[in-house]
Amino acid sequence: MGDGRWGGADRWRSAGSALGRVIVVWAVSTLTMLILAGLLPDFELQSADGDSFTRTALTAAAAAGAFGLLGALVWPVIVRALLLVPALVLGLLVFFLNGSLLLVALWLIPDGRGAANPETAVVVAAVMSAVASATSTGLAVRDDDAYRRRLYRLTGRTRPRASDGAPEQVPGTVFLQLDGVGHHVLRGAVADGLMPTVAAWLDAGHHLTPWRTDWSSQTGASQLGILHGSNEDVPAFRWYEKDTGRLMVSNRPASAVELQRRAVRRTGDGGLLTFDGASRGNLFSGGADQLALVLSMAARRGPRNRSRAGYFAYFSDPANAVRTAGSLVTECVREMFQSTRALLRRETPRVSRGGTYPFVRAFATVVERDVVVSAVMGDMLAGRTAVYADLVAYDEVAHHSGPHGRDTDQVLRRLDRSIGLIATVAEHAPRPYRIVLLSDHGQSPGETFEGAYGLTLKELVRAGCGLPVPRRVRRTRSGSEARDAARDALRLALHRPVDESGETARELPARPSEPVVLASGNLGLISFPDVPHRMTREEIDRRHPALLRTLAHHPGVGFVLVASAEHGSVVLARDGVEVPVAELDDGGPLAVFGRGAARAVRRTDGFPHVADIMVNSMYDPATGTVHAFEEQIGSHGGLGGEQSHPFLLSPPELSPPVGAGEELVGAEHVHRVLRRWLRECSGPQVPLDISPPTGGSEPLLPVDGPVAQDKNH
């Protein structure tokens, strides 16, 4: 299939076909421009005295040709210059930049026959780009080789060369992560006809396997374990580290690079993608040398920061840029309509969806999706051995709209179309590809903790510590009970006899530091920064006698984990239930959370940076609901319901993930399965001579220079 095997006749035939397509696209663009000139009063292709139809047509042809050449030659330069502009701003600028190119094209027409005001130029340029792209695609689809070349061009790739001495083509592997799509949601989407591509794969014999997350059921912990083989000491999405005084947040660049460093240091291995791999849209690199939109790379300062490089290949085509920018605007309007409809219908539960959220959603569901899908297509056309990409659209929408409903159904439909497009492009790649779908966690529905009880977890903790809280909190039942309990406990503690060592007096300082309270979905973390070690239950009771009882007995709390000088660590729950972690099983206070809950809690209890108090919200197995400690009606981060049950969908050519009767438990286990599949696909690690790197290979650790620190650390 390589160029070296083409005969002279084939070369001329191909060149003739390409020239014919250029002429057809030019003609269609010219006709489009004539129609727009007739419809839009502020768009002129004639002189002030009027012209014949032939003269007007020639003017339109000249303008269309000039606009096409400017789009091919100047547009990539403009996009390259704007790579440092935030993606949302770039998306909005696309229309105006394209309109500017049209004005330049009209200016180039002799005798000043072309004219348009700026607003009209934006509209004309957008329509012209869309029509030209649709025409070119329609012509190319009828010719497999032309379609393949168009894909190469749109993804910024060159046609691969086949080496005469290359081994037989071995399959590559593409891992597509559908962020937040749980096993239950995927099965429901297939049953409801929302994802026909996935349904066809299941009918063809693909293996659909559920797996269980760790206690921290969120992307930071799951993706770090999947890509780097270790998510040890990642207790939540965000947590406070006493030894460094840092607030770690998984989706902040400096935190992401530090987590990746720790994982690489722990395993001694660069990651899943170290051999001819590409990482697209992920938090971590996985050891890949081809990176785009990878968060851990965003911490790199200087010219070697390639975190935005993925935008260039996509936006360098003006048709792509206009289409994505138009979809971004449409998605913003769709979100505003959907949130207004939910408000008017008084749908519950509901959270605020104003401010910048419509733009955040549009970026996740349009820009990030389009750029990542294009990058994956380019990776396949370049013949890369392993690709891992994250599509975050569903997760973002489900947080604010809930994991079930019309809003997320639309997202699932579009995700399936993206999967289908990737599968189609795989047919034109220089090597066969096996596409694996997986998710990092699911999402559990439910009203927020604040919506249900009128106060946040932080406010409940402050009330339980006897610290000042807003008047609104004092009026709630939870806040009033917590303040009364704290006041009574403190009064009792002050009248308690002091032992001979004076220990009680020493551990009730006059001005202890306020607790750091963090939320990760329905998992809460409470730390006391003035105490350098993990506080025990006994120490907490001496300082804040009512706090643990307030938390454990609250109806919105499922259980509390805290260290104990007497028992090592204990789980506290309502009705005075106390179970040492060493004796913990999947019964008792953890029974409603399902199989594996005790193992997950016991593992997290051994982390060096586990919080002083870990709080998991209640879970109602009858409704599947939890209470997020954040403003989310679809949440994940702790135990309870669908959030802990993602999926793994693999083609029948690969071995089953686990044996009969076995379970797939934890992100690190998933990593081992994916490693095995890469070995099965590739056999001996001999790369094809089709994947030249676009830049220098990355070092084992993703940052070897200064790191831009996260804010608020």
Side-chain angles (χ1 to χ4, degrees), residues 155 157 160-163 165-177 223-230 260-261 263-294 296-297 306 309-310 372 375-390 422 426 429-438 648 650-651 653-655 657 667-704:
T155 54
R157 304 295 176 185
R161 297 177 180 272
S163 174
E168 182 180 354
Q169 293 177 347
V170 294
T173 309
V174 174
F175 302 106
L176 292 180
Q177 177 179 302
Q223 198 177 85
L224 186 65
I226 292 171
L227 286 176
H228 288 279
S230 173
Q260 183 168 321
R261 273 177 165 163
V264 171
R265 187 182 305 119
R266 190 175 296 114
T267 62
D269 181 86
L272 183 72
L273 308 173
T274 51
F275 176 76
D276 192 30
S279 181
R280 310 299 187 185
N282 300 311
L283 295 181
F284 311 105
S285 74
D289 61 355
Q290 299 297 321
L291 306 168
L293 310 188
V294 174
S296 61
M297 289 300 299
R306 295 191 283 121
V372 168
V376 171
M377 290 162 51
D379 290 328
M380 291 190 298
L381 295 174
R384 307 211 189 286
T385 300
V387 182
Y388 194 104
D390 188 8
I422 290 172
R431 71 193 303 171
Y433 274 95
R434 294 170 179 174
I435 301 175
V436 175
L437 298 185
L438 74 160
L648 185 61
S650 55
E653 295 84 5
L654 298 174
S655 61
E668 295 178 0
H669 192 178
V670 175
H671 172 85
R672 294 192 294 272
V673 171
L674 301 192
R675 283 253 191 204
R676 174 180 12 117
W677 286 344
L678 288 178
R679 290 193 298 270
E680 291 175 359
C681 286
S682 300
Q685 298 285 280
V686 179
L688 299 176
D689 186 21
I690 55 178
S691 182
T694 59
S697 296
E698 297 300 320
L700 185 64
L701 295 179
V703 170
D704 53 4

Contact summary for [X] and [Y], nearest pair of heavy atoms:
X      : Y      : result
Phe284 : Ser279 : O-OG, 3.1 Å
Ser296 : Ser285 : OG-N, 3.8 Å
Asp390 : Gln223 : OD2-NE2, 3.6 Å
Ser230 : Glu668 : CA-OE2, 3.3 Å
Val436 : Pro651 : CG2-CD, 4.0 Å

Could you check whether any side-chain N or O of [X] sits under 3.5 Å from a backbone N or O of [Y], counting only pairs where one atom can act as donor and the other as acceptor?
X      : Y      : result
Asp276 : Thr385 : yes
Arg676 : Pro657 : yes
Asn282 : Tyr388 : yes
His228 : Gly270 : yes
Arg431 : Val170 : yes
Glu680 : Ser655 : yes

Q.
So, using salt bridge (charged side-chain N to carboxylate O under 4.0 Å, His left out) as the criterion, who are the partners of Arg675 when residues are at least two apart?
A.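 So Arg675 forms a salt bridge (charged side-chain N to carboxylate O under 4.0 Å, His left out) with Asp269.
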Q.
Pair Thr173, Leu654 - check side-chain contact (heavy atoms from CB on, under 4.5 Å), show working.
A. CA-CA 11 Å; Thr173 309; Leu654 298 174; 5.5 Å; no
Q. Could you state the interatomic distance from CZ (Arg384) to OH (Tyr433), rounded to the nearest 0.5 Å?
A.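 Those atoms lie 8.0 Å apart.
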Q. For Ala389, what residues pass the side-chain contact (heavy atoms from CB on, under 4.5 Å) criterion, not counting sequence neighbours?
A.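 Only Leu176, Arg280, Val372, Val376 meet the side-chain contact (heavy atoms from CB on, under 4.5 Å) criterion with Ala389.
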**Q.** Residues forming a side-chain contact (heavy atoms from CB on, under 4.5 Å) with Ala386, sequence neighbours excluded
**A.**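 Checked Ala386 against side-chain contact (heavy atoms from CB on, under 4.5 Å); matches are Leu273, Leu678.
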Q | Test side chain to side chain donor-acceptor pair (under 3.5 Å) applied to His669 - qualifying residues, sequence neighbours left out | A |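 His669: no side chain to side chain donor-acceptor pair (under 3.5 Å) contacts found.
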Q | For Arg672, all residues meeting side chain to side chain donor-acceptor pair (under 3.5 Å), sequence neighbours excluded | A |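 By the side chain to side chain donor-acceptor pair (under 3.5 Å) rule, Arg672 matches no residue at all.
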Q | Validation row: Ile226, Phe175 side chains within 4.5 angstrom (heavy atoms) | A |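 No, side chains not in contact.
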Q) Between Leu224 and Leu283, does a side-chain contact (heavy atoms from CB on, under 4.5 Å) hold up when you go through it step by step? A) CA-CA 8 Å; Leu224 186 65; Leu283 295 181; over 6 Å; no
